[in-house]
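Below is one structure, written out as structure tokens; the observations come after it.
One-based numbering, in listed order, for ligands and for the atoms of each. None of the values given here were measured: they were computed from a predicted structure. Quick note: numbers below take in every heavy atom, side chains included, and nothing from hydrogens, waters or symmetry partners. Each residue takes its place number in the sequence, starting with 1.
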Amino acid sequence: MHIPFTKPYAAGNELTYVRQVICGDRWAGDGTFSQRCQEWLRGMLNSVEVLLTHSCTAALEMATILCGLEGGDEVIQPSFTHPSTANAVVLRGATPVFVDVRADTLNLDERLIERAITERTKGIIAVHYAGVGCEMDAIIDVARRHDLWVIEDAAQGILSRYKERYLGTLGDVGALSFHETKNVTSGEGGAILINNPRHVARAEVIREMGTNRARFLRGEVDEYVWVDMGSSYLPSEIVAALLLAQLEEIRSLTSRRKEIWRRYHQGLQDLELAGLLKRPFIPANCDHNGHLYYLMMPDQNARSRLIAGLGAREISAHFHFMPLHAAPAGRRFGRAHDRLPVTERAGECLVRLPIWIGIEAHLDRIIAEVTAIVRGSATAAT
Ligand SMILES: *Cc1c(COP(=O)(O)O)cnc(C)c1O
């Protein structure tokens with residue numbers, strides 16, 4: 001049987017809730033299912049306000065509008081991330097300034113931020129790779145000293161914690177993804193977490209095409225008008241219905257993923273001890289969510305051999321982010337601060353193994369195949 005890289009998992013109530021929407025007369029956004037998702041997320045994560053969006057990409061775009069980013073401004077961010085992290089900056093006419101990541105977590109290296117700050121720097125985007133938290137205390141400390149805002153790209157980080165606080169709730173604004181490849185999903189979907197009460201009113205306006213429609217619906221104004229810049233960022237009730245069914249099961253979904261992660265980690269320990277690869281590192285102050293399991297191979301050839309070898313055995317494994325600073329759009333719109341050796345190594349040497357709810361029955365075989373390929377190629381190379 002072919003083992004896919006990722007696979008969405010129906011948690012149970014999806015069809016029931018979607019049917020309720022279809023049988024009712026509110027299909028557009030901000031109905032009861034959207035409200036329930038938002039309340040659920042607010043309560044679970046302890047954020048000041050949560051608004052559903054079409055995607056994490058949309059939430060990041062809202063965040064850069066909300067923070068007042070303008071042409072000529074600079075934003076410090078990793079290059080080892082999804083293009084959306086940088087597009088949100090570029091779409092405002094500003095420049096992403098790429099800084100290297102830490103070798104242990106592949107998260108923005110907080111020790112390199114200060115040196116990259118110029119008088120044009122307006123903010124920092126922290127990306128929590130693999131759902132493992134960045135060193136947020138240090139990042140927020142630099143931001144405070146230089147009067148910068150902090151956006152968290154927590155696309156991969158739902159329910160993960162940094163020092164007991166949930167990812168996405170530590171900066172001024174956070175962005176979550178509910179894309180099919182993430183831990184809970186509505187196919188496409190996302191949310192913006194607004195942790196600074198000062199930003200809530202404007203976020204509602206930006207999300208509803210620059211109008212004060214949200215206030216109108218609450219009966220706070222008699223008519224709604226165009227008051228600011230904005231776009232259409234709210235998902236339909238059908239999407240929210242799907243998402244609510246997933247959110248209701250998020251704790252059990254997360255613990256099942258963490259168990260899969262733990263089995264990979266244990267099963268591949270010997271390969272790390274033999275110096276053949278490196279496994280992920282979870283800092284003691286972080287609780288992760290089992291979002292993805294990756295291996296760092298010694299070089300690009302070893303990485304290609306592993307991916308091809310697994311593919312020949314019907315197991316899908318993939319590399320991950322191609323560094324943005326070296327991509328055509330990154331060169332055109334962004335700027336690398338200094339060299340980015342750790343980022344480049346991750347771009348060349350990282351392999352992600354398949355992880356999804358239901359893969360449990362195949363794990364022993366996957367671990368055995370990885371071991372055979374890595375040991376075999378190690379023998380062939382000597
Ligand atoms: C998946 C992902 C995104 C994009 O999420 P969408 O919901 O598909 O827009 C952005 N940033 C990171 C780090 C991601 O992993």
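Judged by the 6.0 Å and 45° rule, R263 forms no cation-pi pair with Y293. Taking the ring axis of Y264 as reference, the NZ or CZ atom of R279 does not stay both within 45° of it and closer than 6.0 Å to the ring centre.
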Is there any protein N/O under 3.5 Å from an N/O of ligand 1, and what does the full list of such pairs look like?
from     : atom 1 : to   : atom 2 : distance (Å)
ligand 1 : 5 (O)  : S177 : OG     : 3.4
ligand 1 : 7 (O)  : C56  : N      : 2.8
ligand 1 : 7 (O)  : S177 : OG     : 2.7
ligand 1 : 9 (O)  : C56  : N      : 3.3
ligand 1 : 9 (O)  : T57  : N      : 2.9
ligand 1 : 9 (O)  : T57  : OG1    : 2.5
ligand 1 : 11 (N) : D153 : OD1    : 3.3
ligand 1 : 11 (N) : D153 : OD2    : 2.8
ligand 1 : 15 (O) : Q156 : NE2    : 2.8
ligand 1 : 15 (O) : K182 : NZ     : 3.3

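In terms of hydrophobic clustering, with Ile, Leu, Val, Met, Phe, Trp and Tyr side chains grouped at heavy-atom distances under 4.5 Å, L277 and W261 are assigned to a common cluster.
Between Y224 and F216, the ring planes are tilted. Angles from 30° to 60° get that label.
One distance of note links CZ of R303 with CG of L295; it measures 12.0 Å at 0.5 Å rounding.
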How far apart are the C-alpha atoms of Y162 and H128, what are their side-chain angles, what is the distance that settles it, and do they pass the ring-ring contact (aromatic ring centres under 6.0 Å, His included) test?
CA-CA 10 Å; Y162 169 80; H128 304 296; 8.2 Å; no
